[in-house]
Amino acid sequence: MSSSSVDGKDLVIKARGMGKNFGALKAIQHLDLDIERGKIYGFLGPNGCGKTTSIRMLTGLLTPTYGEVDVLGLKLPQQANQLRYHIGYMTQIFSMYRDLTVRENLSFIAKVYGIHGTTQKQRIEELLDIYNLSRLADQFAGSMSGGQRQRLALAAAVLHKPDLLFLDEPTSAVDPESRRDFWEQLFDLSESGTSILVSTHYMDEAERCHGLAILEAGIKRADGTPEALMAGMNANVIEVQSDRIRQLKEQLLQTPSVISAAQLGTRLRVLIEKDVSQPKEHLLSCLSNQEAESLTMVRPSLEDVFVTCTGEGRQ
Ligand SMILES: Nc1ncnc2c1ncn2[C@@H]1O[C@H](COP(=O)(O)OP(=O)(O)OP(=O)(O)O)[C@@H](O)[C@H]1O
């Protein structure tokens with residue numbers, strides 16, 4: 001399948017100024033995206049920030065209000081029909097037939113993609129094996145656990161071996177172990193050349209992506225590799241250990257250079273603007289009982305990046 005090239009990069013998704021209005025609501029505003037072939041790219045953002053709306057526009061299911069969108073070298077929405085055989089889409093809500101068995105669901109999807117006979121049988125057996133569903137093949141989809149449903153939905157989304165896979169908050173209903181296994185499957189798919197766009201509101205998932213966009217209220221606030229985003233963050237991070245955390249938090253949030261102060265058990269994680277030259281000393285000078293506190297400068301996390309580039313700060 002074709003793609004676009006920008007600065008020598010092989011792009012599976014290229015969007016320029018993509019936007020969507022629902023009446024007066026600006027769900028997505030002027031979104032630019034360059035997503036490279038073979039990579040796992042994440043949309044990170046809270047509920048309602050526009051992840052699903054963006055994915056639906058990139059799959060050709062929703063027409064943008066404005067902007068240019070090119071997916072696998074096809075112009076959207078004009079060439080959306082050609083695109084559907086080359087992409088897989090795992091929706092946020094479980095969309096398999098609950099009163100069909102696992103095997104019947106996969107067989108139904110295969111027929112939709114024109115896969116019949118021995119090819120269908122072999123592909124279904126292969127998927128049952130890869131996604132650990134063989135034992136459940138004759139079970140109704142409606143009676144499966146969250147993790148099992150998620151494996152079935154992934155098997156269905158990749159049945160026709162798409163070049164590009166869209167996953168909308170795929171792990172929101174599963175336990176940590178199933179999430180870890182799920183990500184192993186995504187890395188396997190990525191390794192074998194499938195490009196993946198995944199939306200999430202989990203920081204640890206976003207950190208696993210090769211690249212990501214942080215979205216807030218329909219606007220892209222940051223874009224890059226997790227490492228680059230953390231290295232380029234416009235704040236320093238200081239952890240304060242104290243036995244009077246609640247009071248300290250109140251005091252620090254009154255300090256203009258403090259972006260946020262979040263309690264983590266007996267510690268306070270404080271983000272302070274990067275242009276403050278001696279952040280530890282500066283913070284200490286803002287506290288009334290300085291001797292009692294222990295301050296340590298620590299490495300930024302993706303959550304810190306999220307807090308500094310969205311309005312989630314002063315909590
Ligand atoms: N068909 C629609 N008509 C009107 N408003 C819509 C429609 N679809 C989405 N919206 C609105 O657009 C905004 C973005 O919604 P969207 O579902 O894309 O967010 P999201 O980041 O995927 O959130 P969530 O994780 O809760 O699904 C929300 O304010 C939502 O209410």
Side-chain angles (χ1 to χ4, degrees), residues 12-35 40-71 76-77 80 83-84 87-96 146-147 149-150 153-154 156-157 164-176 178-179 182-183 186 195-209 211-224 226 229 302-303 305-313 315:
V12 286
I13 295 179
K14 184 177 136 196
R16 292 290 176 269
M18 179 177 81
K20 183 72 190 176
N21 300 337
F22 294 112
L25 177 80
K26 295 175 176 164
I28 290 294
Q29 300 182 51
H30 306 283
L31 186 61
D32 291 339
L33 293 168
D34 283 346
I35 302 182
I40 303 180
Y41 187 87
F43 279 163
L44 173 67
N47 289 338
C49 72
K51 302 183 294 294
T52 303
T53 303
S54 303
I55 288 177
R56 286 174 60 78
M57 286 193 279
L58 297 170
T59 54
L61 291 169
L62 186 69
T63 302
T65 308
Y66 53 85
E68 286 175 25
V69 187
D70 181 311
V71 178
L76 296 185
L83 182 66
R84 54 188 278 259
I87 59 170
Y89 179 21
M90 183 172 157
T91 53
Q92 197 174 2
I93 297 164
F94 183 63
S95 56
M96 299 288 103
R149 282 183 193 184
Q150 178 214 42
L154 182 59
L164 173 60
L165 184 59
F166 293 91
L167 306 165
D168 195 358
E169 296 193 23
T171 63
S172 44
V174 300
D175 62 52
S178 302
R179 278 172 68 193
F182 185 80
W183 272 84
L186 296 193
S195 309
I196 298 174
L197 172 54
V198 55
S199 75
T200 183
H201 50 247
Y202 295 119
M203 301 294 162
D204 63 317
E205 283 198 334
E207 220 156 311
R208 292 165 184 256
C209 296
L212 73 132
I214 295 179
L215 299 175
E216 183 190 35
I219 297 170
K220 186 172 78 173
R221 300 292 186 195
D223 191 349
L229 289 172
L302 200 53
E303 184 156 353
V305 176
F306 186 80
V307 168
T308 49
C309 69
T310 67
E312 302 275 311
Q315 46 180 291

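If you're wondering where the values come from, they're calculated on a predicted model, not measured in any experiment. Indexing begins at 1, ligand by ligand and atom by atom, following the structure's order.
- Between Tyr66 and His30, the angle of the ring planes lies from 30° to 60°, which puts this pair in the tilted group.
- Distance check: Met90 CE to Ser95 OG gives 8.5 Å after rounding to the nearest 0.5 Å.
- Asp223 and Tyr41 form a side-chain donor-acceptor contact under 3.5 Å, judged by distance and modelled atom types alone.
- Under the 4.0 Å criterion applied to side-chain N and carboxylate O atoms, Arg221 and Glu216 are assigned as salt-bridge partners.
- Side-chain contact of Gln150 with Thr171: a donor-acceptor pair under 3.5 Å is absent, judged by distance alone.
- The two residues Lys220 and Leu215 make their nearest non-hydrogen contact at CA-CD2, 3.8 Å.
- Within 4.0 Å of ligand 1, protein heavy atoms belong to Phe22, Leu25, Ala27, Pro46, Asn47, Gly48, Cys49, Gly50, Lys51, Thr52, Thr53, Gln92, Glu169, listed by chain and number.
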